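Before any comments, here is the structure.
None of these values were measured; they are calculated from a predicted model. Whatever order the structure lists them in is the order used to number ligands and atoms, beginning at 1.
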Amino acid sequence: MEAEVVGSDVETLRWKDDHLEMIDQRVLPARFEYISYDSAASVADGIRSMVVRGAPAIGCAAAYGVALEALRLRDMSLKAFRDGMEEAFEVLAGSRPTAMNLFWALERMRVRMDAESVSGPAEIAEKLLQEAHEVVAEDIRINRTLGTFGVDLLPDGARVLTHCNAGALATAGHGTALGVIRSAVESGKKISVIADETRPFLQGARLTAWEMVQARIPVTLISDNMAGHLMSRGEIDAVVVGTDRVAANGDVVNKIGTYMVAVLARRHEIPFYVTCPLSTVDLGVSDGSAIPIEERAADEVTGYRDYQWAAPGVSVRNPAFDVTPAELVTALITEKGVVEQPSKDRVAALFSS
Ligand code: MRU
């Protein structure tokens, strides 16, 4: 199917007839297709190969991966079921290393599984599926709440730069960074989006641009190296991005290039906002330098899909994320409210109420 208008309620993942279906984000916007999944290993593969991507969507996919495996093993002995489930948790945890939501979702599923210790595999599987559905429903609710908190930060008429895709496609729905923009538009504000292309995987050009066109929100695509120029000309009023993991001190890990945008925003006194569901916060790491940064394959940098433009034999670096120090962040936008100038105490306070 061609990726024509499907409305703004993109269903990134959906449960259908005992299977998980996920939009294949590798082929958007040329094609709009779902791929079907029936095991933890296949879901882990879908996460690794970026059929599904974006921290919250990865978490939702992992939750379904656990449930699918439980359903697959439900007729086994309790011992074989438990062994199989351990393998499922392991394979899912190894799919991508940076997104906190992956580990958050796996922990939540484990707690649910352990709470059913006296039940048999079939009952546990049923409970795990319910939990996965709840993770997805909760994600959409959180994004809507977070979006509402973000609305007041964007003036009417704002031209908002975003990097990568933190939209409906990166979540169960509505989006985080693009969720704030969607919520602002729903509130009656005129907002236009400047989408960084987001080298090397082009999430901005392919996914953010597609989502905004679908939602009929004005969007202008730029290559990543144009942001500074536009800022210096006064053509950007705010930056809103998502995050894969926020450290206890408020340092933000997000798609490679985000740090560059944050430095530019500070230089030009443009507010730099990070949308951050609490499931993305890792209180276990004191600062951003301790967060694992995924290194991806060289061919993402040397070319795109089958076409390679770089000189053969050149050595390549491909870190998929970078760290933006908390001092460059104007505010975190969370489902518990807006945290200005994030710090250790302010991040901790989010979890104490
Ligand atoms: O490599 P990706 O496409 O998974 O990276 C996604 C991002 O960097 C997003 O900004 C982040 O996951 C937040 S999505 C709400």
Side-chain angles (χ1 to χ4, degrees), residues 10 12-13 22-26 28 46-62 95-105 136 139-140 142-147 150 161-183 195-211 224 239-246 252-262 272-282 288 291-297 300-301 318-324 329 332-335:
V10 180
T12 306
L13 334 81
M22 302 198 286
I23 297 173
D24 187 351
Q25 299 193 30
R26 300 166 307 179
L28 270 175
I47 295 172
R48 197 176 301 111
S49 62
M50 294 180 56
V51 168
V52 68
R53 29 68 49 201
I58 291 171
C60 294
S95 57
R96 288 190 79 186
T98 306
M100 183 58 193
N101 307 60
L102 170 63
F103 306 100
W104 171 88
V136 167
D139 185 59
I140 299 173
I142 285 170
N143 295 340
R144 288 224 158 252
T145 308
L146 182 156
L161 178 89
T162 191
H163 190 75
C164 193
N165 172 269
L169 288 167
T171 64
H174 196 64
T176 58
L178 297 190
V180 168
I181 287 160
R182 286 180 192 275
S183 295
D196 270 353
E197 149 186 80
T198 318
R199 282 277 293 142
F201 206 68
L202 307 179
Q203 291 94 328
R206 296 187 302 106
L207 307 178
T208 293
W210 181 76
E211 258 196 71
D224 300 343
V239 177
V240 184
V241 296
T243 170
D244 269 69
R245 204 186 292 209
V246 168
V252 168
V253 165
N254 192 47
K255 178 53 53 194
I256 192 75
T258 303
Y259 172 51
M260 201 165 68
V261 175
F272 179 88
Y273 300 116
V274 178
T275 47
C276 169
L278 296 196
S279 51
T280 308
V281 177
D282 185 357
I291 295 175
I293 302 289
E294 176 184 17
E295 288 267 350
R296 292 187 62 86
E300 287 181 357
V301 176
N318 187 12
F321 301 95
D322 59 24
V323 182
T324 298
V329 177
L332 298 176
I333 308 170
T334 81
E335 68 268 34

Identified side-chain contact (heavy atoms from CB on, under 4.5 Å) partner of Asp224 from the options Ile256, Asp196, Val261: Asp196
N/O pairs closer than 3.5 Å, ligand 1 and protein:
residue, atom, partner, partner atom, Å
ligand 1, 1 (O), Arg96, NH1, 3.4
ligand 1, 1 (O), Arg96, NH2, 2.9
ligand 1, 1 (O), Lys255, NZ, 2.7
ligand 1, 3 (O), Arg53, NE, 2.9
ligand 1, 3 (O), Arg53, NH2, 3.3
ligand 1, 3 (O), Gln203, NE2, 2.8
ligand 1, 4 (O), Gly54, N, 2.9
ligand 1, 4 (O), Arg96, NH1, 2.8
ligand 1, 8 (O), Asp244, OD1, 3.1
ligand 1, 8 (O), Asn254, OD1, 3.0
ligand 1, 8 (O), Lys255, N, 3.3
ligand 1, 10 (O), Asn254, OD1, 2.6
ligand 1, 12 (O), Ala55, N, 2.8
ligand 1, 12 (O), Asp244, OD1, 2.6

In chain order, what residues pass the salt bridge (charged side-chain N to carboxylate O under 4.0 Å, His left out) check against Glu335, with sequence neighbours excluded? none
May I ask you to decide if [Y]'s main-chain N or O and [X]'s side chain share a donor-acceptor pair within less than 3.5 Å?
X: Glu300; Y: Asn318; value: no
X: His174; Y: Gly179; value: yes
X: Thr12; Y: Ala168; value: yes
X: Thr162; Y: Val241; value: no

